[in-house]
Amino acid sequence: MIRKIGNVGVLDIRNATEESLGNGIECENVGALIYSRDKAVLLEKIKAENIGSTIECDTDMQVVSGKMEVTKSSLDAVDKPLNLLVLGKLIIQPDIEPGQLNKGLGRLHISGKAVCPENLMAVLQSKIGELNGKLDSFPSDYLLIDRSLVIDDYYLKSIPKNSKIAILGSLNVAKGTSNDLFFDKVSMLYVSGKISVFEENSMLLTSRLHELSHSKIEVIPDVFNLVEDLTRIENSDVELWDNESLYFLEKVEFDKDVDPVLLEKKLQSLKAKEAVFCHISLKPSLARKCDRYKTKIIAYKERLFINEGQSKLECSQLEYQDGSLTIVNYGILEISDMNPSLISSKIDKIYNSGVIMVPKNLIGLIQSRITDNNGTIVESGSKEENGGFNIANAGMLRL
């Protein structure tokens with residue numbers, strides 16, 4: 001019997017045998033398939049679909065999925081060099097001496113991103129056998145912050161004068177931040193992610209950026225208020241506004257119950273870097289508040305479904321839902337085999353920026369529902385015919 005494996009982060013067959021694989025394996029939606037050179041012959045027994053990467057590495061290499069930090073103390077604790085396959089993010093902390101890193105690290109395979117101080121970059125590069133991703137450096141004498149950061153007066157008062165800061169994430173300079181305080185407390189900045197800053201602070205911020213920073217800078221006009229945490233707007237939120245000008249860096253959805261008249265009264269203007277979702281009754285009001293050439297508004301008639309991960313749309317979901325569905329797909333969406341008339345009556349529009357998996361007989365019908373397609377549509381197999389998955393939804397699986 002052929003085993004079926006679905007939705008697995010890492011599939012490791014370095015210790016697999018002909019017997020353990022049996023008659024073969026069918027894989028679908030696997031982040032990384034790992035094998036050793038002596039097991040390459042076993043790949044013939046694996047039928048793969050939607051695998052992110054296939055990586056060859058020795059059996060003595062430790063697999064790290066996610067984020068790993070290498071520090072002075074972690075290297076002090078090992079008695080032999082670390083041989084690592086990193087599937088994610090590797091961070092080398094600046095408290096390590098070059099000699100210690102050279103002694104403590106063995107062979108490296110990196111599929112993702114590695115971040116390292118400038119003075120350790122040559123050592124790190126000498127250890128990397130395979131790099132599938134990005135290698136970044138930051139100034140060695142900077143304070144390292146491994147997350148996104150908001151700089152405001154409160155934060156600036158908490159740090160020493162002339163601080164040098166490396167931020168492995170995004171940076172937001174809050175509205176109203178004192179330029180005098182910023183000038184006094186921050187001498188240099190390195191930022192690996194996006195930067196958002198209001199006009200009043202933008203020139204000073206730019207003058208403080210290290211030459212290694214190649215971040216995209218979003219300069220927000222001072223008349224706007226930046227909204228970060230609120231991604232779904234209800235009528236009760238609008239009631240609290242007072243002729244607001246709002247700036248959204250992420251996608252924002254206006255609830256169906258928002259009163260168009262109230263919105264006209266309470267909202268002065270709106271700008272969003274990503275899409276704005278709303279009921280069709282709100283679109284005229286929002287269109288008047290936005291720059292229609294820079295803000296994308298997606299309106300739905302009855303129901304909205306946004307997929308940003310991996311989802312499956314079943315026949316029963318459409319059968320029992322009230323009204324038609326507008327689908328916005330940013331991830332992987334599988335549509336089950338179903339009666340075409342159900343799709344015709346229950347799916348109004350599809351906006352696709354990801355992958356949609358559809359049975360062959362429904363591809364044409366699904367394509368006819370697509371309003372905006374920046375992704376792909378592929379034919380899916382029928383899991384029901386083969387009895388479903390034997391193994392599914394695993395972070396790491398060793399065979």
Side-chain angles (χ1 to χ4, degrees), residues 91 94 113 115 117-118 134 136-233 237-238 240-252 266-276 286 289-296:
I91 300 171
K113 185 176 183 179
V115 185
E118 284 179 300
K134 191 175 181 182
D136 275 344
S137 65
F138 61 90
S140 309
D141 58 340
Y142 280 39
L143 169 67
L144 181 62
I145 297 178
D146 180 29
R147 57 180 172 81
S148 295
L149 179 68
V150 175
I151 289 182
D152 55 15
D153 286 356
Y154 181 81
Y155 175 78
L156 291 173
K157 289 174 182 177
S158 71
I159 61 175
K161 290 185 177 182
N162 299 316
S163 293
K164 297 179 179 179
I165 306 170
I167 303 165
L168 303 185
S170 61
L171 170 65
N172 171 25
V173 181
K175 188 173 185 178
T177 298
S178 167
N179 275 329
D180 290 339
L181 195 57
F182 196 114
F183 183 89
D184 188 43
K185 291 300 188 82
V186 179
S187 62
M188 289 299 291
L189 282 170
Y190 167 85
V191 185
S192 67
K194 296 179 181 179
I195 298 173
S196 60
V197 59
F198 285 87
E199 284 178 323
E200 60 181 335
N201 305 119
S202 59
M203 291 185 64
L204 179 57
L205 171 73
T206 304
S207 71
R208 291 294 194 262
L209 286 178
H210 191 277
E211 61 184 9
L212 289 176
S213 289
H214 301 291
S215 301
K216 182 179 179 181
I217 302 176
E218 183 70 25
V219 179
I220 304 169
D222 291 334
V223 296
F224 283 90
N225 289 314
L226 180 63
V227 182
E228 294 183 278
D229 300 327
L230 193 63
T231 57
R232 184 180 177 88
I233 308 296
D237 298 311
V238 179
L240 299 175
W241 294 348
D242 184 16
N243 203 30
E244 302 283 347
S245 294
L246 303 177
Y247 198 104
F248 294 86
L249 295 177
E250 308 292 338
K251 294 180 283 290
V252 57
K266 295 286 190 173
L267 182 65
Q268 173 67 28
S269 58
L270 181 147
K271 187 172 182 180
K273 294 301 295 179
E274 298 191 36
V276 176
L286 284 173
K289 305 295 182 177
C290 300
D291 184 336
R292 61 177 180 171
Y293 298 108
K294 294 182 179 180
T295 302
K296 182 177 183 179

Q.
Checking Lys161 against Lys185 for the side-chain contact (heavy atoms from CB on, under 4.5 Å) test, could you report, in this order, the C-alpha distance in whole Å, the side-chain angles of both residues, the deciding distance, and whether it holds?
A. CA-CA 4 Å; Lys161 290 185 177 182; Lys185 291 300 188 82; 4.1 Å; yes

Q.
Going by the rule salt bridge (charged side-chain N to carboxylate O under 4.0 Å, His left out), which residues pair with Asp153 if we only count those two or more places apart in sequence or in a different chain?
A. none

Q | Exceeds 12 heavy-atom contacts within 6.0 angstrom, atom CG of Asn243 | A | yes

Q: Compare every heavy atom of Ser215 with every heavy atom of Gly193, then report the nearest pair and how far apart it is.
A: O-OG, 2.6 Å

(Q) Enumerate the side-chain hydrogen bond (donor to acceptor under 3.5 Å, both in side chains) contacts for residues 163-174, please, sequence neighbours excluded, ordered by first and then second residue. (A) Asp141-Lys164, Ser148-Ser170, Asn172-Ser196, Asn172-Glu228

Q. Out of curiosity, Lys157 NZ to Asp152 CG, how far, rounded to the nearest 0.5 Å?
A. 9.5 Å

Q. Tell me the ring pair (Phe, Tyr, Trp, His ring centres under 6.0 Å) pairs involving residues 156-205, sequence neighbours left out?
A. none

Q.
Within this structure, what is the CG-CG distance for the pair Leu209 and Leu204, rounded to the nearest 0.5 Å?
A. 10.0 Å

Q | For Lys289, salt bridge (charged side-chain N to carboxylate O under 4.0 Å, His left out) partners two or more places apart | A | Glu264

Q: Apply salt bridge (charged side-chain N to carboxylate O under 4.0 Å, His left out) to Asp136 and list each qualifying residue two or more places apart in sequence or on a separate chain.
A: Lys113, Lys134

Q) Got a second to check how far Ser137's OG is from Glu118's CD, nearest 0.5 Å? A) 5.0 Å

(Q) For the CG atom of Leu286 and the OG1 atom of Thr295, what is their distance to the nearest 0.5 Å? (A) 10.0 Å

Q.
Test of understanding: with side chain to side chain donor-acceptor pair (under 3.5 Å), list the residues that count as partners of Glu200, not counting sequence neighbours.
A. none

Q. Counting N and O atoms only, with roles assigned by atom type, does the side chain of Ser202 sit under 3.5 Å from a partner on the main chain of Val219, one being a donor and the other an acceptor?
A. no

Q | For Leu144 against Pro94, the heavy-atom pair lying closest together | A | CD2-CD, 4.0 Å

Q.
Walk me through whether Val150 and Tyr155 qualify under side-chain contact (heavy atoms from CB on, under 4.5 Å).
A. CA-CA 8 Å; Val150 175; Tyr155 175 78; over 6 Å; no

Q. Of all residues at least two apart in sequence or in a different chain, which pass the side chain to side chain donor-acceptor pair (under 3.5 Å) check with Asn201?
A. Asn179

Q: Under the side chain to side chain donor-acceptor pair (under 3.5 Å) rule, collect the residues that match up with Glu274, sequence neighbours excluded.
A: Lys251

Q | Rounded distance [0.5 Å steps], CD1 in Ile195 versus CD1 in Ile167 | A | 7.5 Å

Q) Excluding sequence neighbours, so at least two apart, what forms side chain to side chain donor-acceptor pair (under 3.5 Å) with Tyr247? A) Glu218

Q: For the pair Asn162 (side chain) and Ser187 (backbone), establish whether a donor and an acceptor sit closer than 3.5 Å, ignoring hydrogens and angles.
A: no

Q) Of all residues at least two apart in sequence or in a different chain, which pass the side chain to side chain contact (heavy atoms under 4.5 Å, CB included) check with Val238? A) Ile233, Trp241, Val258, Leu262, Leu263, Lys266

Q.
Quick check for you: to the nearest 0.5 Å, what is the distance between Lys175 atom NZ and Asn225 atom CG?
A. 4.0 Å

Q) Less than 4.5 Å apart, any side-chain heavy atom of Ser269 and any of Phe224? A) yes

Q.
Walk me through whether Ile151 and Leu205 qualify under side-chain contact (heavy atoms from CB on, under 4.5 Å).
A. CA-CA 11 Å; Ile151 289 182; Leu205 171 73; over 6 Å; no

Q) For Lys194, which residues count as a salt bridge (charged side-chain N to carboxylate O under 4.0 Å, His left out) partner, sequence neighbours excluded? A) none

Q) So Val186 and Ile159, side-chain contact (heavy atoms from CB on, under 4.5 Å) or not? Walk me through it. A) CA-CA 9 Å; Val186 179; Ile159 61 175; 4.2 Å; yes

Q: Sequence neighbours left out, what passes side chain to side chain contact (heavy atoms under 4.5 Å, CB included) with Lys294? Give chain and number order.
A: Asp291

